[in-house]
Amino acid sequence: MARSLDGLVLSPVADQAPGQVGTRTRFSYHEREGRIWAEYAGGDVERGHLVGTREGDVLDFRYVQLTRDGTTSSGHCVSTVVGLPDGRVRLEERWVWESQEGSGTSVVEETHS
């Protein structure tokens with residue numbers, strides 16, 4: 001199993017569609033006893049939160065966010081935690097909006113300290 005996400009800051013490796021997370025978005029993760037949560041902001045996202053669970057290297061969580069234009073949205077994501085050769089962590093994500101149409105994949109990686 002890849003290491004704990006607690007205290008890590010992760011960022012997308014590529015931009016998504018306008019109004020969504022992008023390379024300027026930063027996720028601050030917390031993890032305790034199989035529970036995960038994070039706050040995120042940056043780019044088009046003014047404020048976002050996610051909460052969920054971790055079993056082994058699989059995260060299952062819901063997210064809600066507020067964009068700079070005042071739009072709110074929510075969705076569901078399942079991510080696989082991958083340890084990178086340089087010791088950082090990557091999340092390979094499959095997400096679907098629940099408040100609007102759309103789904104996709106994304107990758108976020110631990111930022112360099």
Side-chain angles (χ1 to χ4, degrees):
M1 183 167 95
R3 67 187 170 104
S4 172
L5 301 177
D6 195 51
L8 299 185
V9 176
L10 291 91
S11 180
V13 298
D15 286 322
Q16 300 293 321
Q20 297 181 22
V21 301
T23 56
R24 294 177 297 160
T25 309
R26 297 293 180 267
F27 292 79
S28 297
Y29 270 86
H30 311 277
E31 180 176 350
R32 297 277 187 288
E33 299 175 353
R35 307 295 192 248
I36 56 156
W37 64 100
E39 304 83 31
Y40 61 98
D44 290 337
V45 178
E46 184 173 321
R47 183 176 308 274
H49 299 277
L50 66 84
V51 294
T53 58
R54 178 176 182 171
E55 281 194 40
D57 286 333
V58 177
L59 309 180
D60 188 331
F61 60 84
R62 293 288 193 298
Y63 56 90
V64 294
Q65 67 185 37
L66 171 67
T67 55
R68 301 234 179 258
D69 68 4
T71 304
T72 61
S73 51
S74 62
H76 176 239
C77 184
V78 175
S79 300
T80 302
V81 183
V82 177
L84 296 173
D86 64 5
R88 293 179 305 125
V89 169
R90 167 187 285 165
L91 301 181
E92 298 175 350
E93 305 179 317
R94 295 179 318 278
W95 49 267
V96 60
W97 290 109
E98 295 179 329
S99 61
Q100 61 192 24
E101 292 295 316
S103 63
T105 61
S106 55
V107 173
V108 296
E109 291 182 353
E110 184 178 354
T111 59
H112 296 283
S113 300

State, without any angle test, whether Thr23 and Asp15 hold a side-chain donor-acceptor pair at a distance under 3.5 Å. yes
Say you draw a straight line from CG of Leu5 to CZ of Arg32; how long is it, rounded to the nearest 0.5 Å? 11.5 Å
Output all residues satisfying salt bridge (Lys or Arg N to Asp or Glu O under 4.0 Å) with Arg62, sequence neighbours left out; order by chain, then residue number. Glu98
If you measure from CG on Leu50 to OG on Ser79, what distance do you get to the nearest 0.5 Å? 8.5 Å
Take atom CD of Glu55 as the centre, draw a 6.0 Å sphere, and report whether it contains more than 12 heavy atoms from other residues, nucleotides or ligands. no
How many angstroms lie between atom SG of Cys77 and atom CG of Asp60, to the nearest 0.5 angstrom? 8.5 Å
What pairs with Thr25 under side chain to side chain donor-acceptor pair (under 3.5 Å), at least two apart in sequence or on another chain? none
Supply the atom-to-atom distance Thr53 OG1 to Leu59 CG, rounded to the nearest 0.5 angstrom. 8.0 Å
Would you call the rings of Trp97 and Tyr63 parallel, tilted or perpendicular, where under 30° means parallel and over 60° means perpendicular? perpendicular
Tell me, please, which residues at least two apart from Leu84 pass side-chain contact (heavy atoms from CB on, under 4.5 Å). Asp86, Arg88, Arg90, Glu109
Modelled atom types, side-chain donor and acceptor of Glu93 and Ser106, under 3.5 Å: yes
Evaluate side-chain contact (heavy atoms from CB on, under 4.5 Å) for His30 paired with Arg35, printing each intermediate quantity in order. CA-CA 8 Å; His30 311 277; Arg35 307 295 192 248; over 6 Å; no
Taking all heavy atoms of Val21 and all of Pro12, pick out the closest pair and write down the distance. CG2-CG, 4.2 Å
Main-chain N/O of Ser74 paired with Ser99 side-chain donor or acceptor, under 3.5 Å: yes
Here the pair of heavy atoms bringing Val51 nearest to Phe61 is O-CB, 3.0 Å
So, Glu31 side chain and Ser4 main chain: donor-acceptor pair closer than 3.5 Å or not? no
Can any side-chain N or O of Arg54 pair as donor or acceptor with the backbone N or O of Gly56 at less than 3.5 Å? yes
Please evaluate residues Phe27 and Leu91 with respect to the criterion side-chain contact (heavy atoms from CB on, under 4.5 Å), reporting the C-alpha separation (whole Å), side-chain torsions for both, the decisive distance (0.1 Å), and the verdict. CA-CA 11 Å; Phe27 292 79; Leu91 301 181; over 6 Å; no
Whether Arg68 side chain and Gly43 backbone form a donor-acceptor pair below 3.5 Å: yes
Check whether any side-chain N or O of Gln65 sits under 3.5 Å from a backbone N or O of Gly48 as a donor-acceptor pair, and report yes or no. no
In this structure, are over 12 heavy atoms from other groups packed under 6.0 Å from Arg47 atom CZ? no
In terms of heavy-atom contacts, Ser11 and Thr111 come closest through CB-CG2, 3.7 Å
Could you state whether Tyr40 and Val89 fall into the same hydrophobic cluster, counting links through intermediate Ile, Leu, Val, Met, Phe, Trp or Tyr residues with side-chain heavy atoms under 4.5 angstrom apart? yes
Heavy-atom closest pair (Glu110 atom, Gly87 atom, distance to 0.1 Å) is OE1-O, 4.2 Å
